[in-house]
There are 2 protein chains.
Amino acid sequence: MLSQTAIYALRAVGFIAGSDPTRPILSSHLSEQLGIPQNYLSKIMHRLVQAGFLKSKRGTRGGFVLARSASKITIKDIIVLFMNIDQFEQCFLGNVKCDGSCGMHAQWKPIMSEFKSFINKNTIDKLF
Amino acid sequence: MLSQTAIYALRAVGFIAGSDPTRPILSSHLSEQLGIPQNYLSKIMHRLVQAGFLKSKRGTRGGFVLARSASKITIKDIIVLFMNIDQFEQCFLGNVKCDGSCGMHAQWKPIMSEFKSFINKNTIDKLF
DNA sequence: CTATTATATGATTTCTTCATGATGATGTCA
DNA sequence: TGACATCATCATGAAGAAATCATATAATAG
């Protein structure tokens, strides 16, 4: 459902959201606590900074902090950075523009609606 | 959600289930109609034969037919052949053995339950 | 028996995702 | 200033999924 990378990103952001906001979190600390390969995580963090969800600070007492309130960042915001969200619009057998004629449509649509609503309404302060 | 290969397999099986059962379906015909690379499909078909869902016949008037009634083959039966179904048991952030303590568990579980029930109760005669 | 029609299958290539290692750049503090 | 801490970036590699190529094998028709 989610790519490994998206999962890593959500875990990392969630961890930061659950920490003392006055203390930057080290990339190495995240890596250790969450079991994410350090260098790989480093790139993920960088993308999160560039996208404006985190702020990074180098040097002593550096690390990562949230760039905005955790309750203002949805799970979906993070997911779209790391995976193609079009797949959530597809019908069961991968048809992007299913007009409802496929036999599964009526049953499949509500399941995906639930999922989309789930990632849309939940913010990262609920992750931990 | 589903791997490309699983989607191909379901489309192929669904197509056969919707065809005249007295006439074997050619692999080349499936490939054309469903837009699946021929040689790749050939291997998928072979796995379906080995697993007992299809019967194959070579030579003139050969092709593939269902080995048993379409209403006796669930979508899940096909899926498990082509992807690891464990991922459907995971909690939202990939934790296989989430004890319910994660913040998302209560919301996530019913969504996955719906999905699992969906693939379990629907048979391939409903695919077309 | 042989030409034709099909499926079967192994080897190889390509693409993407995930991961690692080494090095560069920058901020802090004594 | 200089040592160190920390993020940033580059370049490479490993693994799996997807796709392709080439060829083998089998059944049928005539």
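Lettering of chains follows the sequences in order, A, B, ..., and the numbering in each one begins at 1. Since we're looking at a predicted model, the values are computed, not measured.
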Visitor: Ignoring backbone atoms, test whether A:His46 places a side-chain nitrogen or oxygen under 4.0 Å from the OP1 or OP2 oxygen of D:dT9.
Guide: yes
Visitor: Taking the nucleotide of DNA chain D with the closest heavy atom to each, which residue, B:Asn39 or B:Phe82, is nearer the 5' end?
Guide: B:Phe82
Visitor: Before we go on, tell me: are the rings of A:His105 and A:Phe92 under 6.0 Å apart, centre to centre?
Guide: no
Visitor: Got a sec: does the NZ of A:Lys116 have more than 12 other heavy atoms crowding it under 6.0 Å?
Guide: yes
Visitor: Checking all strands, does B:Ser42 fall into the base, sugar-phosphate, or nothing category for heavy-atom contacts under 4.0 angstrom?
Guide: base
Visitor: D:dT9, D:dA18, C:dC18: which one has an atom nearest the side-chain heavy atoms of B:Gln4?
Guide: D:dA18
Visitor: For the side chain of B:Tyr40, starting at C-beta, report the closest nucleotide among C:dT7, D:dA18, C:dA19.
Guide: D:dA18
Visitor: Taking all non-hydrogen atoms of both residues, which atom of A:Leu93 and which atom of B:Ile7 are closest, and how far apart?
Guide: O-CG2, 3.2 Å
Visitor: Verify whether the ring centers belonging to B:Phe115 and A:Phe115 lie closer than 6.0 Å.
Guide: no
Visitor: Rounding to a whole Å, what distance do you find between B:Ile44:CD1 and D:dA19:P?
Guide: 8 Å
Visitor: Restricting both atoms to N or O, compile the protein contacts to nucleotides 25-27 of chain C shorter than 3.5 Å, with distance only.
Guide:
from   : atom 1 : to      : atom 2 : distance (Å)
C:dA25 : N3     : A:Arg58 : NH1    : 3.4

Visitor: Can you tell which of D:dC7, D:dA18, C:dA19 lies closest to the side chain of A:Ser27?
Guide: D:dC7
Visitor: With a 6.0 Å cut-off (strictly less than), is the heavy-atom count around CZ of A:Arg61, excluding the residue itself, greater than 12?
Guide: no
Visitor: Step by step, work out the side-chain hydrogen bond (donor to acceptor under 3.5 Å, both in side chains) result for B:Thr5 and B:Tyr40.
Guide: CA-CA 9 Å; B:Thr5 310; B:Tyr40 193 55; 2.7 Å; yes
